[in-house]
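Report on one structure; see the data block that follows.
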Amino acid sequence: MVKSYMPQPSNTAAETATLTEKNAPPRELPKAYDPAAIEDRWAQYWVRERLFDVATPAPGSGAAPAFTVLLPPPNVTGNLHMGHMFEHTETDILVRWRRMLGQPTVWVPGTDHAGITTQMLVERQLTGEGSSRQQLGREAFVKRVWQWREHYGGAILSSMKRIGDTVDWSREYFTMDENLSHAVREAFVRLYEQGLIYRGAYIVNWCPRCQTAISDLEVAHEEQQGKLWEIRYTVIDSPGEFVTVATTRPETMLGDTAVAVHPHDERYKHLHGKRLRLPLIGRDIPVVLDEWVKMDFGTGAVKVTPAHDPNDFAIGQRHHLPAISVMDETAHMNAEAGPYQGLDRYEARKRILHDLEAQGLLAATRDHVNAIGKCARCNTVVEPRLSTQWFVAVNKPAREGGPTMASLAIAAVTVDAHGHKPLRFTPENNEKIYLDWMTNIYDWCISRQLWWGHRIPAWHCAACQQITVARQDPTACAHCGSKDITQETDVLDTWFSSGLLPVTVFGWPPADGKPTPDLTAFYPTSLLVTGFDILFFWVARMIMLGCWFMQDVPMPDGTPRPIDEIVPFREVYIHALVRDADRQKMSKTKGNVIDPVEIVNRYGTDAVRFTLASMASPGTDIAFNEARTEGYRAFANKIWNAARFIFMNVDRAREAGIEIDPTALGEPPTAADDAPLEMRWIAARTNSVAAEINAALGEYRFHEAANLVYQFFWGDFCDWYLEISKLRLDFSDAADKSTTKAALTLLLQTFESALRLLSPFMPFLTEELWHVLYNGNPPAKSIALTRYPQGSAHSDDPAESAFALLQELIVSVRALRKDLGVEEKAAVPVRIKPLAPRLPFAQNLEIIQRLARVSAIETLDSLPDGMPVRATPQFDVQVVYEKKVDTIAERERLTKELARYEKEQANASRQLSNESFLGKAPAAVVEGLRRRAAELEMLLDKTRKALEDLK
RNA sequence: AGGCGCGUAGCUCAGUUGGUUAGAGCGCUACCUUGACACGGUAGAGGUCAGGAGUUCGAGUCUCCUCGUGCCUACCA
């Protein structure tokens with residue numbers, strides 16, 4: 001039967017029982033590990049017990065500096081996908097690791113209101129009900145979205161709990177929470193007061209389906225095969241003469257207010273100052289000269305439509321041209337389009353081309369590849385549209401000579417006088433990408449024509465047309481006092497509020513001008529783990545806004561805040577993308593999305609986490625492949641069974657009257673100088689692998705850390721140490737109890753350390769086994785609250801090299817046995833010719849006997865001819881067995897080996913006879929090669945002789 | 001059009017500043033139902049590191065070119 005070993009919340013040290021206590025429950029674990037049987041239980045326990053909530057340290061409490069991470073807030077509309085799971089796995093590993101290093105560790109979760117996406121979803125729902133946003137009206141619609149959010153907004157948070165994210169749930173936020181909304185409004189008002197927010201008519205990317213402006217970043221460009229049409233515009237006062245312009249969007253010609261040519265273009269010099277007749281509409285428009293025009297593209301003459309193209313808008317500004325919009329907000333032609341009014345833009349294009357052709361004004365139609373912009377949310381082709389929007393001036397200082405938002409954001413990643421960067425990117429090349437963008441940044445359009453979001457706190461006055469921006473809703477115009485004011489209908493870009501999160505989640509704006517306790521304790525955050533796709537959207541905005549507002553918040557002691565204290569985070573780790581097994585980007589439309597929850601249900605969370613971690617080499621995309629997850633499920637099962645073996649022996653020990661002090665279990669594994677070799681070895685090995693894992697995690701080398709713990713647990717611990725332990729776990733009356741007890745104690749300590757090393761990667765399995773190991777009376781409420789083994793950086797423990805020799809002998813004997821066809825169960829004698837002093841064989845006879853099935857070892861000065869030999873630099877070994885060797889196979893093997901040695905030896909001797917090598921290479925390299933060359937000489941002799949013997 | 005990245009075993013991927021014999025998992029072959037584990041054990045096979053040139057005593061690693069491939073940025077009508 002399966003017992004549950006849930007710890008009692010009321011555990012105290014006094015209640016800690018010994019492992020061998022008579023009434024302790026038997027450790028009966030099922031033979032195969034079943035993640036489903038334990039994962040939900042622990043997931044709930046971690047949340048219910050609030051194990052990872054962190055209170056704000058009292059100011060001046062002297063607490064260790066906090067490790068703080070802000071979770072990139074998933075959209076309320078979202079479900080957990082593989083990308084999230086990957087991001088969360090990496091973050092959770094780091095967060096668990098840091099916590100186990102003893103730092104107060106806070107990982108702040110929350111969700112984003114996701115303006116456009118959420119509004120779209122709810123509108124779709126309304127459509128299904130035969131209703132619409134317009135029918136409901138703004139207030140009722142917003143209420144409806146809130147209801148929707150109450151219902152569905154928590155899906156992703158539940159999944160986070162299920163996969164074991166150790167976030168601080170007490171700090172969970174939603175970007176439209178009252179306090180955060182208040183902070184957003186404060187930020188807007190301050191920027192407005194500083195003259196950094198302005199309103200104006202500009203060309204923006206307009207989504208005709210969402211019917212809102214969207215930012216440049218929200219436009220996805222797509223190359224497509226299109227056409228380039230050449231259209232003739234007649235020259236006024238010059239009968240029969242044309243100017244031919246080239247365009248990809250003929251429907252916009254209805255809004256043309258000029259034709260531009262390059263001032264130096266000889267072909268058009270005679271047209272300078274002339275006027276043209278716009279076809280179809282008949283408007284009289286000028287020829288203007290502008291250096292922006294590329295002479296070698298198209299015909300060198302460009303139609304200028306200031307209301308429908310950003311470049312044309314700029315030309316229009318330079319030449320004071322009128323801007324005529326010919327489309328409405330749904331991309332249908334409006335009254336300015338004359339006969340084409342009411343037509344959809346593509347229908348209008350068809351009709352216009354048809355009419356032009358009929359009039360002989362269509363000069364040519366050419367194939368042309370161009371990039372069209374599509375709305376990143378709904379895939380509708382974006383229409384550049386002239387409209388009045390709100391902008392943040394990112395290149396303007398608040399005061400003469402002061403920094404700009406962009407300049408601060410650049411300074412944030414620039415080396416200061418002390419050679420120190422306030423903010424670092426990993427992988428490093430992202431810094432360059434970020435800097436390029438920040439250096440060429442345009443003003444940020446922050447208004448959206450949506451209903452769901454933070455409404456812009458500005459009021460328009462009907463009387464004086466002025467704008468009132470205020471912290472409190474005004475009742476009258478601040479300029480003329482008129483009561484006839486109405487609030488701006490636009491809301492803010494979602495990224496405006498999420499860009500403020502690093503300050504707002506910690507209580508900005510401070511009421512008294514001093515940093516809040518949370519800001520003091522947790523700002524700047526330590527690390528941001530996020531994807532490349534939101535580097536500009538979010539990371540850059542957080543840096544701009546965070547730096548901008550925090551420069552005005554003094555340090556706790558009242559001194560001005562230095563640059564490395566105003567940045568929102570000290571490090572940004574940009575993770576890779578998870579692709580499908582064929583390296584394709586996962587997308588709903590392709591139908592290749594892998595649902596992590598489904599995979600988790602089949603393999604267990606730990607196996608999926610381990611898969612992701614083991615492939616998470618910085619900067620390299622992951623092709624998620626289930627075969628690996630299968631492998632890591634096997635790994636979990638292996639550990640489970642190692643635990644079963646260990647617990648079985650604890651039970652046997654108890655029956656034999658051997659008691660292990662549970663307080664000793666958490667000690668780092670150590671072995672006395674006179675302890676058996678494998679004990680000294682595993683203690684040293686645990687120590688060195690711990691150091692290696694810590695080093696790897698410190699450099700975000702997740703794959704390396706994961707592989708180290710995998711090799712250690714499976715290879716070192718299970719394959720070697722556990723097998724040898726079977727010799728030591730002798731509970732018979734004849735055995736020396738203290739020896740057995742020492743062996744069992746070290747086994748338990750090593751296992752306990754290994755569980756802790758593994759726990760950030762496989763939190764569920766390790767939590768379960770750790771509690772069982774402590775028999776339900778663990779020293780902490782969770783393995784996640786214990787200390788991570790540190791190890792020591794360099795350890796040249798002689799036990800490690802001695803054990804390596806022992807392993808080499810055992811492997812050689814096993815291989816010889818196979819060559820000779822010895823039955824698995826048969827024990828055979830071996831002969832050894834030692835070639836080095838102090839070989840660790842005589843003292844470890846029983847290990848060799850057991851692991852290589854050897855009956856006796858004979859040490860000789862020379863080995864008899866006629867039998868196969870395995871030769872190493874330290875020893876030669878022979879297995880004594882009469883059965884005939886497979887001569888052909890053996891010859892083949894030796895021939896290959898000989899070729900390999902010969903090649904290597906040729907290389908080595910060439911190098912060693914090279915004067916410049918001897919002169920320039922480091923001494924250690926030369927010395928190493930000399931030693932190897934001597935070894936090769938010997939190995940070659942032996943191999944040749946062995947081949948001779950076969951004949 | 002610019003910029004970045006990748007190409008290593010049948011498959012999926014490691015390989016930190018150039019340094020002796022290029023690694024792992026899966027798959028494959030052979031043997032083993034040994035009292036933790038067949039989601040296992042043991043031993044194997046498998047690579048001219050895409051191709052070419054260069055720098056160097058020494059190149060999977062640095063430089064250039066070619067081929068293949070992926071991504072990002074961009075206001076060429």
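So you know, we letter chains A, B, ... as the sequences are listed, proteins then strands, and number each from 1.
Residue A:Lys818 places no side-chain N or O under 4.0 Å from the OP1 or OP2 atom of B:C32. Between A:Arg628 and B:U12 there is no side-chain polar atom (N or O) within less than 4.0 angstrom of OP1 or OP2. Residue A:His308 places none of its side-chain N or O atoms closer than 4.0 Å to OP1 or OP2 of B:A77. Contact annotation: A:Lys896 reaches the phosphate of B:G46 (side-chain N/O to OP1 or OP2, under 4.0 Å). Between A:Lys726 and B:A36, a side-chain N or O to OP1/OP2 separation shorter than 4.0 Å is present.
Nucleic acid contact for A:Asn440: none, since no nucleic acid atom lies under 4.0 Å from a heavy atom of the residue. Using a 4.0 Å heavy-atom distance criterion, A:Arg870 is classed as a sugar-phosphate-only contact. In this structure, A:Pro384 reaches neither bases nor backbone, as no heavy-atom distance under 4.0 Å exists between it and the strands shown. Nucleic acid contact for A:Trp292: base, since at least one base atom lies under 4.0 Å from a heavy atom of the residue. Contacts of A:Gly715 with the nucleic acid, taken as non-hydrogen atoms under 4.0 Å apart, are absent. Looking at heavy-atom distances under 4.0 Å, A:Arg932 makes contact with a base. A:Gln711 comes within contact range of the sugar-phosphate backbone alone, with a heavy-atom separation under 4.0 Å but no base atom that close. When heavy atoms are screened at a 4.0 angstrom cut-off, A:Arg853 is found touching base atoms of the nucleic acid. Counting any heavy atom pair closer than 4.0 Å across all strands shown, A:Tyr442 reaches a base atom. As judged by a 4.0 angstrom heavy-atom cut-off over every strand, A:Trp714 is placed among residues touching the sugar-phosphate backbone only. Across all strands, A:Gly631 comes closer than 4.0 Å to no nucleic acid atom at all (heavy-atom distances). Nucleic acid contact class of A:Leu918 (heavy atoms, under 4.0 Å, all strands): none. At the heavy-atom level, A:Asn707 lies nowhere under 4.0 Å from the strands shown.
Look at the P atom in both B:G15 and B:G2: the space between them is 31 Å, to the nearest Å. The C1' atoms of B:G52 and B:U48 are separated by 14 Å, rounded to the nearest whole Å. With C1' as the reference atom, B:G23 and B:A30 are 23 Å apart, rounded to whole Å. Spacing between B:G19 and B:G60 at atom C1', rounded to whole Å, works out to 13 Å. Using P as the reference atom, B:U29 and B:U73 are 47 Å apart when rounded to the nearest Å. With both ends at atom C1', the span from B:G47 to B:U12 equals 16 Å, rounded to whole Å. For the P atoms, the distance from B:A59 to B:C13 is 28 Å, rounded to whole Å.
Distance, A:Trp640 CH2 to B:C37 P: 14 Å, rounded to whole Å. As rounded to whole Å, 17 Å separates atom P of B:A36 from atom CG of A:Leu769. In this structure, the CD atom of A:Glu904 is 7 Å from the C1' atom of B:U20, given to the nearest Å. Between the CD1 atom of A:Ile203 and the P atom of B:C75 there is a distance of 13 Å, rounded to whole Å. Taking atom CD of residue A:Glu902 and atom P of nucleotide B:U21, one finds them 15 Å apart after rounding to whole Å. The separation between A:Asn311 atom CG and B:A77 atom P is 9 Å, rounded to whole Å. Distance CZ (A:Phe86) to C1' (B:C13): 13 Å, rounded to an integer number of Å. Rounded to whole angstrom, the span from the CD1 atom of A:Ile433 across to the P atom of B:C71 amounts to 15 Å.
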Please assess A:Phe702 against A:Tyr573 for the test ring-ring contact (aromatic ring centres under 6.0 Å, His included), listing each intermediate value before the final yes or no.
CA-CA 12 Å; A:Phe702 300 95; A:Tyr573 177 74; 5.7 Å; yes
Output, in order, the C-alpha distance, side-chain angles, deciding distance and verdict of side-chain hydrogen bond (donor to acceptor under 3.5 Å, both in side chains) for A:Tyr202 and A:Asp443.
CA-CA 11 Å; A:Tyr202 291 87; A:Asp443 284 354; over 6 Å; no
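Residues A:Gln911 and A:Lys294 both approach RNA chain B. Their nearest nucleotides, taken by heavy-atom distance, put A:Gln911 toward the 5′ side. Map A:Met615 and A:Arg652 each onto its nearest nucleotide of RNA chain B; the residue landing nearer the 5' end is A:Met615.
Within 3.5 Å, no donor on the side chain of A:Lys31 pairs with an acceptor on the base of B:C37, nor the reverse. At a cut-off of 3.5 angstrom, the base of B:A36 holds at least one donor-acceptor pair with the side chain of A:Glu723.
Among B:G25, B:C39, B:U42, the nucleotide with an atom closest to any side-chain atom of A:Tyr710 is B:G25. Of the candidate nucleotides B:A36, B:U73, B:U20, B:U73 has the atom nearest to the side chain of A:Phe536. Nearest to the side-chain atoms of A:Val811 among the listed nucleotides B:A43, B:G46, B:U16 stands B:A43. Checked against B:U20, B:G41, B:A43, the side chain of A:Ala815 finds its nearest nucleotide in B:A43. Comparing B:G19, B:A36, B:G44 by their nearest atom to the side chain of A:Val925 picks out B:G19. Comparing B:C72, B:A77, B:U42 against the side chain of A:Val302 picks out B:A77 as the nearest. Side-chain proximity of A:Lys825 to the nucleotides B:U33, B:G41, B:A36 is greatest for B:U33. Side-chain proximity of A:His703 to B:U21, B:A36, B:G15: nearest is B:G15. When distances run from any side-chain atom of A:Ala921 to the nucleotides B:G19, B:A36, B:U12, the shortest one goes to B:G19. The nucleotide whose nearest atom lies closest to any side-chain atom of A:Ala634 is, among B:G19, B:G40, B:C37, B:G40.
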Given Watson-Crick and G-U pairs under 3.5 Å, RNA chain B in dot-bracket ([ ] crossing, | other strand) is (((((((..((((.....[...)))).(((((.......))))).....(((((..]....))))))))))))....
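In this structure, A:Arg366 places its CZ atom where only 12 or fewer heavy-atom neighbours from other residues, nucleotides or ligands lie under 6.0 Å away.
With salt bridges taken as basic N to acidic carboxylate O contacts below 4.0 Å, one links A:Arg728 and A:Glu846.
For the pair A:Lys294 and A:Trp292, the cation-pi criterion (under 6.0 Å, within 45° of the ring axis) is fulfilled.
Remark: the backbone N or O of A:Lys303 is not paired with any side-chain donor or acceptor of A:Asp256 at under 3.5 angstrom. Judged purely by atom type and a 3.5 angstrom limit, A:Arg267 has no side-chain atom pairing as donor or acceptor with the backbone of A:Ala301.
Between A:Trp206 and A:His308 there is no side-chain heavy-atom pair separated by less than 4.5 Å. Inter-residue side-chain proximity for A:Asp367 and A:Lys227 is flagged as met; some heavy-atom pair is nearer than 4.5 Å.
Between A:Trp437 and A:Phe536, the ring planes are parallel. Angles under 30° get that label, and only those over 60° would be called perpendicular.
Aromatic ring centres of A:Tyr632 and A:Tyr710: separated by under 6.0 Å.
The closest side-chain donor-acceptor pair between A:Tyr901 and A:Glu935, if any, does not fall under 3.5 angstrom.
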